[in-house]
Amino acid sequence: MKKNVLIISTSPRKGGNSDILASEFEKGALESGHQVKKIDLYNKTINFCKGCLVCQSTKKCIIKDDASNIVEEMLHADAIVFATPIYFYEMCGQMKTLLDRTNPLFPVDYSFTDIYLLATAADSSKNSMDGAIKGLQGWIECFEKTSLKGVVKGLGTDAAGTIKNFPDTLNEAYTMGKNI
């Protein structure tokens, strides 16, 4: 079954390590015939949620910025892939801010069921991404039709582009995209 896949690269750095993983996932998904859209947050304006909850009745956010269009894309995706660098053992702030802005999705019939995480960290410890996984899992639990289908961990990737020194990790992202 062909899926509508949305990849959200949350890195503030164009061409950063997590963004490279996102591109590998995209390549695999496209080769399998899925419809894929990749959104990069490095050039988007996404303000903080105000917690007003107006969106729960209007199904739209009162804040007029790039988040509204991204949330609309999320609404119609079958699978959502988040790519993030790990900062202080957690997802980057851009990703967390976007997740907070997805409140308009609660009262609607969203399509997404499959969530994936692609993450890179300077730390090479296998548990260095546990905080980001737990944070994303908390978001997923708010959407009862969804589940975390896969995680790719790009460990020991500090400087921009060092993920290219880890062909097995790149292949893991590509293969996950191909098998989505």
Problem - Any donor-acceptor N/O pair, N17 side chain to P85 backbone, under 3.5 Å - result: no
Practice task
Inspect the surroundings of OH in Y89 and state if more than 12 heavy atoms from other residues, nucleotides or ligands are less than 6.0 Å away.
Solution key: no
Problem - Derivation and outcome, side-chain contact (heavy atoms from CB on, under 4.5 Å), residues W139 and T146 - result: CA-CA 10 Å; W139 180 83; T146 65; 5.7 Å; no
Problem - SB check D109 K145 (cutoff 4.0 Å) - result: yes
Problem - Test log, rule side-chain contact (heavy atoms from CB on, under 4.5 Å), inputs T97 and L41 - result: CA-CA 11 Å; T97 300; L41 296 191; over 6 Å; no
Problem - Plane angle bin for F143 and Y110 - parallel if under 30°, tilted between 30 and 60°, otherwise perpendicular - result: perpendicular
Practice task
Indicate yes or no: at least one non-hydrogen side-chain atom of D66 is less than 4.5 angstrom from one of I39.
Solution key: no
Handout entry: L105 side chain near F112 side chain, heavy-atom distance below 4.5 Å
Key = yes
Handout entry: T102 side-chain N/O to L99 backbone N/O, donor-acceptor pair under 3.5 Å
Key = yes
Problem - Where S68 and I63 come nearest, the two heavy atoms and their spacing - result: OG-O, 3.5 Å
Practice task
Treating Ile, Leu, Val, Met, Phe, Trp and Tyr as nodes and any side-chain heavy-atom pair under 4.5 angstrom as an edge, say whether I115 and I180 lie in one connected cluster.
Solution key: no
Anything under 3.5 Å between a donor and an acceptor, one on a side chain of residues 42-52, the other on a protein residue two or more places apart or in another chain? List them.
residue : atom : partner : partner atom : Å
N47     : ND2  : D65     : OD2          : 3.2

Exercise for the section: May I ask whether Y87 and L136 are part of the same hydrophobic cluster, defined by side-chain heavy atoms of I, L, V, M, F, W, Y residues being less than 4.5 angstrom apart, directly or through others? Expected result: no
Handout entry: side-chain contact (heavy atoms from CB on, under 4.5 Å) between L117 and M129, worked out
Key = CA-CA 10 Å; L117 178 64; M129 297 179 184; 6.0 Å; no
Without placing hydrogens or testing angles, list every side-chain donor-acceptor pair under 3.5 Å for residues 72-84, not counting sequence neighbours.
residue : atom : partner : partner atom : Å
E72     : OE2  : H76     : NE2          : 3.0
E73     : OE2  : K37     : NZ           : 2.9
D78     : OD2  : N4      : N            : 2.7
T84     : OG1  : T10     : OG1          : 3.4
T84     : OG1  : C92     : N            : 3.1

Practice task
Using a cut-off of 6.0 Å, state whether more than 12 heavy atoms not belonging to Q35 lie near its atom CD.
Solution key: no
Practice task
State whether the side chain of N171 and the backbone N or O of P167 hold a donor-acceptor pair below 3.5 Å, judged by distance alone.
Solution key: no
Exercise for the section: With the side chain counted from C-beta on, respond yes when I70 and R101 share a heavy-atom pair under 4.5 Å apart, and no when they do not. Expected result: no
Exercise for the section: Test K14 against D40 for side-chain contact (heavy atoms from CB on, under 4.5 Å), laying out the working first. Expected result: CA-CA 8 Å; K14 182 178 181 176; D40 298 299; over 6 Å; no
Quick one: side chains of residues 152-160, donor-acceptor pairs under 3.5 Å with protein atoms, not counting sequence neighbours, listed by atom name and distance.
residue : atom : partner : partner atom : Å
K153    : NZ   : K126    : O            : 3.0
T157    : OG1  : A121    : N            : 3.4
T157    : OG1  : A121    : O            : 3.3
T157    : OG1  : G154    : O            : 3.0

Problem - Single-linkage hydrophobic cluster I86~I20, side-chain heavy atoms < 4.5 angstrom - result: no
